[in-house]
2 protein chains.
Amino acid sequence: MTGQTRLSWTDVRDEIRARILNRTYAPGDKLPRDEDIALELGCARTTVHRAMQELSQTGLVERKRKGGTQVKIDPVTRATFDIPITRREVEQRGSKYDYQLISRSLDDTPLSVMARFGIQQTVQMLHVKALHLADNRPYIFEDRWVDTRSTPDILNVDLKVESANEWLVRNKPYSRVDVRFFAMNAEGESAEHLSTKAGDALLVIERTTWIGQDPITSVQAVAAPGYQLSAVN
Amino acid sequence: MTGQTRLSWTDVRDEIRARILNRTYAPGDKLPRDEDIALELGCARTTVHRAMQELSQTGLVERKRKGGTQVKIDPVTRATFDIPITRREVEQRGSKYDYQLISRSLDDTPLSVMARFGIQQTVQMLHVKALHLADNRPYIFEDRWVDTRSTPDILNVDLKVESANEWLVRNKPYSRVDVRFFAMNAEGESAEHLSTKAGDALLVIERTTWIGQDPITSVQAVAAPGYQLSAVN
DNA sequence: GACTTTATTAAGTAGGTACATATTAATATT
DNA sequence: AATATTAATATGTACCTACTTAATAAAGTC
């Protein structure tokens, strides 16, 4: 008697992954049908399906109806990043969080911001600049635009007290988000507020959100020198 | 007669998400039990479960056995990035890909690399520097260390022809990966190979992989100025 | 009251059945 | 031979049932 307990879908996932790692199933190979794997391992097809679902999502295999399952030829590295509220991020590092409003005004959107939102006409939006600090040292400088058509309430928020970052996350869920990372040299304003010298390489996290088709906000969060963003798991 | 067809789990997911967006379920609120939602919407509990599974994965809700489902108070922005083989990335932009080996030698691991791998002792690893080009212009400069204990075959690969990047992805699946992004100023080597002037801000993608506990490779991919990394979806 | 034990609850999982859907393969038609 | 039609097939989905597990609440004990 094998006497072994029933297989869970994570067991199946691990077994299949192991076989891919040890090249039983090599890149480009076609895997057996779910049903055959189920039969071989002694579990239900639904269990194999659940396992495959995850392997497919992490980019290790590719599945097609009728076509079957195939090990990806060029597996991409898929990394997930959590971008929390800055206050949370600072507090979770065990640092003291502070926040300073730098400026707040209604300005016409420049071309760069229009491009981010994908809009053609210039509109007036709330333009907010603010600084997040960790242990009294500059941590992130944010330059944000908020569309007052989709988010008129932002005008009643005292941004000297509550950061737009936090207020928006709490009060303005989005249905679509675009996130991108790039590097820029510190200059003028960013250098000044982050207390660094002009020219220093800074990581920028740019986030733009929409609700349906309507723009909500677009922010460039410029991190202080040395900032690293690392993937979860 | 409503005459409507049966609900799919994506319908349920969209319905729940809509309710979260329109604040029927506000941040911090507890959602009804899966079973009650199923009853209300007229579908099976498993269908609701499948929908919740995705909402939970994207970080919109939090689920606990017995505790039920709760809308996250501070929803994080969760972004997923695919980091393909550089050749693929270049080709998908519609550019011509080229590759140049810059150097290849067996060196002792410096502290920084040991830290990335989480190892205490200095070991000799294969140290490879290479340049990826798009349309004859520098695209990514990579500085890579490969552990020859876990990956002895790399020593037989002609890295002048095939990039270590590509060979490893094809031949050395990993079980764990660490990915991080940061910005650095171009200097000396990186400036020279990327044909940019020293001081320019460059985005660095650092990737370290293991198979089980054993280090495979760690690479710093330094992108040419202007490079942006954007999330999938 | 503080602590431990027990029961309850809601999500999580496994199995089975039936059917839907997207592709590919085979066949028929022009 | 090229094209359109039809059949076959593997994954995807929906529903049901039964059981498991983790977390919480309630009850009991010192």
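Just so you know, these numbers come straight off a predicted model, no measurement behind them. Below, chains carry the letters A, B, ... as their sequence lines are ordered, and counting in each starts from 1.
- Separating the NZ atom of Lys64(B) from the P atom of dA11(C) is a distance of 13 Å, rounded to the nearest angstrom.
- DNA chain C is contacted by both Lys66(A) and Thr47(A); Thr47(A) maps to the nucleotide lying nearer its 5′ end (nearest heavy atom per residue).
- Regarding contacts with the backbone of dA10(D), every side-chain N or O of Thr69(A) stays at 4.0 angstrom or more from both OP1 and OP2.
- Side-chain contact of Glu166(A) with Tyr99(A): a donor-acceptor pair under 3.5 Å is absent, judged by distance alone.
- Across the protein-nucleic acid pair, Glu35(A) atom CD and dT11(D) atom P stand 9 Å apart, rounded to whole Å.
- For Arg65(A) against dT23(C), a side-chain-to-base donor-acceptor contact under 3.5 Å is absent.
- Atom-to-atom, CD of Gln53(A) to P of dG12(C) comes out at 13 Å; the value is rounded to the nearest Å.
- Residue Thr46(B) is in base contact, counting any heavy-atom pair closer than 4.0 Å across all strands shown.
- Gly67(B) comes within 4.0 angstrom of no nucleic acid atom, judged by non-hydrogen atoms across all strands.
- Among the nucleotides dA14(D), dT13(C), dA10(D), the one closest to the side chain of Arg45(B) is dT13(C).
- Rounded to whole angstrom, the span from the CG atom of Asp34(A) across to the P atom of dG15(C) amounts to 14 Å.
- The CG-C1' distance, from Leu31(B) to dT9(C), rounds to 17 Å in whole Å.
- What separates CD1 of Ile37(B) from P of dA10(C) is a distance of 12 Å, to the nearest Å.
- Side-chain atoms of Ser218(A) and Arg116(A) include a donor-acceptor pair closer than 3.5 Å.
- Closest approach to the Arg33(A) side chain among dA10(D), dA11(C), dT13(C) is made by dA10(D) (side chain taken as heavy atoms from C-beta onward).
- Listed pair His49(A) / dG12(D) meets the phosphate criterion, a side-chain N or O lying under 4.0 Å from OP1 or OP2.
- Lys172(A) places no side-chain N or O within donor-acceptor distance of the main-chain N or O of Ile211(A), the cut-off being under 3.5 Å.
- Summarising the geometry, the separation between CG on Leu41(B) and P on dA14(D) is reported as 13 Å, rounded to the nearest angstrom.
- Side chain to side chain, Asp178(A) and Thr208(A) fail the donor-acceptor criterion of an N or O pair below 3.5 Å.
- In this model, the phosphate group of dA10(C) is not approached by any side-chain N or O of Arg63(B) to a distance below 4.0 Å at OP1 or OP2.
- Atom pair Arg6(B):CZ and dG12(D):C1' shows a separation of 12 Å (rounding to whole Å applied).
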Trace of the side-chain contact (heavy atoms from CB on, under 4.5 Å) decision for Val146(B) with Trp167(B): CA-CA 12 Å; Val146(B) 186; Trp167(B) 187 87; over 6 Å; no
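- Among the heavy atoms of the strands, none lies under 4.0 Å from Arg50(B).
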